[in-house]
Number of protein chains: 2
Amino acid sequence: MEEKKIEILTRASGVILRHGVRSVTMDDITSELGISKKTLYQYFTDKDSLINAIIDLKLGNDRAICLSSIENAENAIDALFLISKSICENVAAVNPTVFYDLRKHYPVAWQKVCAHKMTFVYDMILNNIQRGIKEGIYRENMNPEVVARLFVAYGDVIMSGEIFPWPEFHYDQVYFETTSFHIYGMSNKKGIEYLNKRELNE
Amino acid sequence: MEEKKIEILTRASGVILRHGVRSVTMDDITSELGISKKTLYQYFTDKDSLINAIIDLKLGNDRAICLSSIENAENAIDALFLISKSICENVAAVNPTVFYDLRKHYPVAWQKVCAHKMTFVYDMILNNIQRGIKEGIYRENMNPEVVARLFVAYGDVIMSGEIFPWPEFHYDQVYFETTSFHIYGMSNKKGIEYLNKRELNE
DNA sequence: TAAAAACTTTTTAGTGTAAAATAGTTTCCA
DNA sequence: TGGAAACTATTTTACACTAAAAAGTTTTTA
């Protein structure tokens with residue numbers, strides 16, 4: 001991909017993820033980036049393809065960050081904390097209306113997001129559970145499929161804002177509390193000892 | 001309330017909660033109960049008041065069952081298991097479209113349902129957390145407000161069917177798994193010992 | 001060559017209206 | 001008295017239409 005296309009993509013991504021897909025028009029993007037419509041349409045045939053590219057870019061970045069977190073973590077618990085920290089930083093910058101807009105008007109992009117949650121995130125958590133069990137810090141008497149899906153669901157619950165209304169609650173705090181609670185729920189005796197030790201160091 | 005009104009209410013409740021609010025017309029109810037519209041409207045001025053009465057009845061029953069579970073339980077963990085068992089039995093009999101219909105067309109009734117979740121259920125779980133801490137079986141290092149709201153959220157997640165699609169997953173099984181996971185997440189060493197002992201007895 | 005501007009086409013929000021469905025009322029009859 | 005049916009009133013729904021906005025294209029200009 002040409003350098004110019006990448007620049008347009010990343011800058012447009014910033015505007016759209018911050019303000020919503022519907023709210024930002026193609027004219028808004030051109031004037032925001034200081035380019036003409038001609039140029040914009042030279043690189044992206046229509047708004048749909050631009051949105052799809054933005055979502056691909058975003059999900060790709062998220063995945064890369066998660067995978068590096070997993071590699072650098074000393075154990076399953078540490079990995080989950082690292083992941084939740086980066087998810088927090090990444091998703092907090094996305095306006096919730098983006099998800100609403102995608103679901104309603106951009107079925108292809110929305111499908112990508114759903115697939116990302118139900119395959120990548122789900123598989124990642126499922127692997128994390130297996131890793132934790134193998135490392136002897138997670139309980140063996142839980143249902144991995146249900147527990148992993150529960151973790152996936154947290155994102156929706158927190159983002160919807162119904163149960164944790166802003167400004168009484170803040171995404172990042174709730175997400176952190178939720179993740180630690182989830183880790184406690186999965187941990188066995190040895191895992192909880194590690195958690196306690198971890199808490200002391202903070 | 002007269003005996004006849006109660007009979008009409010309970011029987012209409014059965015039909016409506018099973019098939020949905022919008023799907024069941026006033027004519028359906030009269031023919032199903034074998035009464036005339038004259039009689040039905042003698043006891044309920046309009047459909048709205050009937051629906052509201054049904055919701056009041058339903059929520060009242062649910063509350064009564066929960067409160068008796070709490071009293072009869074030997075400790076906080078036992079109480080949560082009893083509650084989740086009765087919630088399961090009660091909510092599983094309600095067609096999910098009922099919630100959809102209420103939310104969209106019966107704002108007063110929907111408000112009752114939301115208030116029930118956000119006050120009664122939430123307070124109940126908050127009390128349960130305090131009880132468990134006092135009984136020395138729950139951790140003290142958790143955020144009760146977040147953890148209680150998380151429990152409230154499970155209901156929505158499971159009922160929506162997006163994360164746990166039927167028929168791959170069944171309400172009652174997922175609800176049971178989820179509740180036990182949640183209890184593990186709240187329990188401390190002593191609580192987990194009680195849980196292990198409990199599992200052996202099953 | 002690419003931005004700016006002017007332009008055309010498509011999508012969407014909003015409105016009005018007719019038909020259908022349902023709520024709610026009245027009448028008749030066992 | 002209360003059920004059955006016929007009736008009226010209200011609400012929903014569907015469709016057509018209009019106006020505005022935004023997508024997408026072409027032309028002009030620096």
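Hydrogens, waters and symmetry mates play no part in the numbers below; they use all other heavy atoms, side chains included. A, B, ... follow the sequence lines: proteins, then strands. Residue 1 opens every chain.
Atom CD in Gln42(B) sits roughly 9 Å away from atom P in dT1(D) (whole-Å rounding). The interatomic distance linking Leu40(A) (CG) with dA4(C) (P) rounds to 13 Å, in whole Å. Between the NE2 atom of His105(B) and the C1' atom of dT10(D) there is a distance of 15 Å, rounded to whole Å.
In terms of heavy atoms, Ala148(A) sits closest to Leu126(A) at CB-CD1, 3.8 Å.
For residues 19-36 of chain A, every residue pair satisfying the salt bridge (Lys or Arg N to Asp or Glu O under 4.0 Å) rule, not counting sequence neighbours, is listed here: Asp27(A)-Lys37(A).
For Tyr106(B), the side-chain hydrogen bond (donor to acceptor under 3.5 Å, both in side chains) criterion is met by no residue, not counting sequence neighbours. The side-chain hydrogen bond (donor to acceptor under 3.5 Å, both in side chains) check on Asp156(A) picks up Lys117(A), with sequence neighbours excluded. Shown here are the salt bridge (Lys or Arg N to Asp or Glu O under 4.0 Å) partners of Glu7(B), two or more places apart in sequence or in another chain: Arg11(B). Looking at residues two or more places apart in sequence or on another chain, you find no side-chain hydrogen bond (donor to acceptor under 3.5 Å, both in side chains) involving Lys47(B). Every residue two or more places apart in sequence or in another chain was checked for a salt bridge (Lys or Arg N to Asp or Glu O under 4.0 Å) with Arg18(B), and none qualifies. Gln111(A) is linked by a side-chain hydrogen bond (donor to acceptor under 3.5 Å, both in side chains) to nothing, counting only residues two or more places apart in sequence or in another chain.
Close to dG3(D), at under 4.0 Å from its OP1 or OP2, lies a side-chain N or O of Thr39(B).
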Exercise for the section: Would you give a per-nucleotide map of nucleotides 19-30 of chain C, 5' to 3', where B means the base has a protein non-hydrogen atom under 4.0 Å away, S means only the sugar-phosphate does, and - means neither? Expected result: ---SBBB-BB--
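Note that the two end axes of the helix from dT1(C)-dA30(D) to dA30(C)-dT1(D) enclose an angle of 30°, each drawn from 5 base pairs, rounded to 10 degrees.
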